[in-house]
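First the structure, in the form of structure tokens, and then the observations on it.
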Amino acid sequence: MPQTPTLVAMFDSSSFHRNLYQSKEESCSELYYQDNNLLSGSLEALIQHLVPNVDYYPDRTYIFTFLLSSRLFIHPSELMARVCHVCMEQQRLNEPGLDKSQVRKIAPKILQLLTEWTETFPYDFRDERMMRNLKDTAHRITNGDEMYRKNVQQIIQNLIRKLASLTQYEELITKINAQSTDRMTVLKTKPQSIQRDIITVCSDPYTVAQQLTHIELERLSYIGPEEFVQAFVQKDPLDNNEQNCYSDRKKPRNLEAYVEWFNRLSYLVATEICMPVKKKHRARMIEFFIDVARECFNIGNFNSLMAIISGMNMSPVSRLKKTWAKVKTAKFDILEHQMDPSSNFYNYRTALRGAAQRSLTAHSNREKIVIPFCSLLIKDIYFLNEGCTSRLPNGHVNFEKFWELAKQVSEFMTWKQVECPFEKDRKILHYVLTAPIFSEDALYLASYESEGPENHIEKDRWKTLRSALLGRA
């Protein structure tokens, strides 16, 4: 069988939705095109456009874009019920004495649509209504035909496997978070238990960068594309149902967990730098993390790179002037320049495009790695959503906006599927994920203890923190 091009390749094609609709009669005035590109349509017409018939199957880019964006207007379980209804009506599958040959013309296409839905948006099916609708739709469309029973079983088994894997992952994250304690609490109760720092665990920056990449790719792999959209779900003004689309279902929190990981890494970096008593040890730690950050950049792991730079730029770290005076900062200056936020992160975006281009022509998983700076990706999608209306004045869905949204998310979908080529080092992974870290107040206190306050404001804060955290005047 010919290989299906990736979604991102299809979106990148200059004519990616030129000929989507040639094979389906478009007498419906509820869809609006310009130069053969679908720009808007009523929700009902867009749903009809999703449903295959004997002579038509929707393009993959349309399926992905509609399933991604439709949740802003309709709950996925209701959408599936509507898809089933439209299909039954169009093909008259409800009629008694239905010819099996008619079923066999349409059933494979509907099963293919259900396969794409369950593979790309499996988390929709954590909702019991969705799972019921899936089984019901598959049964009704195939009319109980034994020929398709194995196909349906395969779809459901694959889906259950994915959902079980998600549950396992969520339990693991909960367990890791429970193990990660506040460093100040540990210092007070068992100071001897945290004699180690990251350099004693692993002194090779490249190996540490590889292990950070392991964490990044694992956490990326569990983020569903819909998580970028569901954050924007609000009540649709044209929907009379009082319930928010997502108020009653268990939403995945993998994107939130990923942002929390970024914050943890930043605080871990700051903690490791502020912790040593001696200036030369702090300077050595800064230089170590500069080297780790550089290796992350070379790998294409921009998220860890930015987390490390953020940690080193936190005020408790940046105020350590005597420490920084001992650091060779040339490499750090280059990295900061790459991640400079001016001109809307122009330098970073250029580097990201280069990494993405390398990934497209890569021959190994090592060259395929692209881990974007996640907070900026979320921000880009947020501003795309806020900057364009989802509904046009005539009530149509603004599909032009959703093509752009899907294009951004589809690129991410390609990057998150890369398997990490580096060997796991469980000792490093355990340390990075569970080593106790300082709170912001504790970081300031450690910083003042290392290099004393420079003005009255800092002196007052130091006294307050010593009293609050150490019980000293």
Side-chain angles (χ1 to χ4, degrees), residues 172-203 205 207-209 211-216 218-219 253 256-278 281-293 296 301 303-320 323 373-375 425-451 461-462 464-466 468-470:
L172 178 66
I173 295 296
T174 304
K175 190 177 170 186
I176 288 169
N177 290 344
Q179 286 177 299
S180 175
T181 51
D182 175 67
R183 196 176 192 105
M184 186 57 73
T185 308
V186 179
L187 265 178
K188 284 183 188 173
T189 53
K190 298 182 198 166
Q192 72 286 351
S193 67
I194 48 171
Q195 296 300 319
R196 293 188 310 165
D197 60 27
I198 193 160
I199 295 176
T200 62
V201 175
C202 177
S203 60
T207 304
V208 172
Q211 299 313 303
L212 293 178
T213 303
H214 257 296
I215 296 168
E216 297 280 354
E218 182 186 43
R219 297 201 173 199
R253 305 280 180 195
E256 286 173 37
Y258 191 50
V259 172
E260 284 164 11
W261 149 248
F262 178 95
N263 294 336
R264 174 181 165 77
L265 181 54
S266 293
Y267 271 84
L268 178 67
V269 169
T271 300
E272 295 278 324
I273 294 169
C274 289
M275 194 62 202
V277 175
K278 291 188 177 176
H281 293 159
R282 292 195 297 274
R284 181 183 173 218
M285 190 62 76
I286 289 173
E287 289 182 341
F288 177 76
F289 275 117
I290 290 171
D291 287 338
V292 174
C296 286
N301 179 356
N303 202 55
S304 288
L305 164 63
M306 192 50 136
I308 293 168
I309 290 175
S310 298
M312 289 197 279
N313 280 330
M314 287 173 78
S315 297
V317 177
S318 62
R319 68 169 294 281
L320 297 171
T323 303
F373 172 31
C374 189
S375 295
D425 186 314
R426 300 205 174 275
K427 191 172 61 172
I428 302 171
L429 288 172
H430 185 264
Y431 184 85
V432 169
L433 289 167
T434 65
I437 54 173
F438 279 148
S439 65
E440 188 176 4
D441 281 347
L443 280 172
Y444 269 108
L445 179 58
S447 180
Y448 293 142
E449 297 284 335
S450 297
E451 294 185 21
R461 185 165 194 188
W462 186 27
T464 305
L465 291 173
R466 280 173 71 88
L469 299 177
L470 300 178

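- In this structure, the side chain to side chain donor-acceptor pair (under 3.5 Å) partners of N313, at least two apart in sequence or on a different chain, are E336.
- A donor-acceptor contact shorter than 3.5 Å links the side chain of S310 to the backbone of M306.
- Taking R319 as the reference, E458 meet the salt bridge (Lys or Arg N to Asp or Glu O under 4.0 Å) condition, with sequence neighbours excluded.
- A distance of 12.5 Å separates CE of M285 from CD1 of I290, quoted to the nearest 0.5 Å.
- Applying the side-chain contact (heavy atoms from CB on, under 4.5 Å) criterion to E440, with sequence neighbours excluded, gives Y267, Y444.
- Inter-residue side-chain proximity for L320 and S450 is flagged as met; some heavy-atom pair is nearer than 4.5 Å.
- If you take CG on L469 and CG on L445, they are separated by 5.5 Å, rounding to the nearest 0.5 Å.
- Under the ring pair (Phe, Tyr, Trp, His ring centres under 6.0 Å) criterion, F288 pairs with no residue at all, not counting sequence neighbours.
- In this structure, CE on M314 lies 8.5 Å from SG on C274, to the nearest 0.5 angstrom.
- Taking CG from L433 and CD1 from I215, the interatomic distance works out to 4.0 Å, rounded to the nearest 0.5 Å.
- Between atom CD1 of residue I198 and atom CD of residue Q211 there is a gap of 10.0 Å, rounded to the nearest 0.5 Å.
- For the side-chain contact (heavy atoms from CB on, under 4.5 Å) test, residues two or more places apart in sequence or in another chain that qualify with V201 are R196, K427, I428, Y431.
- When the side chain to side chain donor-acceptor pair (under 3.5 Å) test is applied to D291, the partners found at least two apart in sequence or on another chain are K331.
- Every residue two or more places apart in sequence or in another chain that forms a salt bridge (Lys or Arg N to Asp or Glu O under 4.0 Å) with E256 is listed here: R253.
- Put simply, the side chain of S447 gets close to the backbone of P316: a donor and an acceptor are under 3.5 Å apart.
- Remark: I273 CD1 to D197 CG distance equals 11.5 Å, nearest 0.5 Å.
- The side chain to side chain donor-acceptor pair (under 3.5 Å) check on S318 picks up nothing, with sequence neighbours excluded.
- With sequence neighbours left out, A307 forms a side-chain contact (heavy atoms from CB on, under 4.5 Å) with F262, L265, S266.
- At least one donor-acceptor pair closer than 3.5 Å links the side chain of T213 to the backbone N or O of A209.
- For the salt bridge (Lys or Arg N to Asp or Glu O under 4.0 Å) test, residues two or more places apart in sequence or in another chain that qualify with E451 are R282.
- Applying the side chain to side chain donor-acceptor pair (under 3.5 Å) test to E216 and every residue at least two apart in sequence or in another chain returns Y258, W261, N303, S304.
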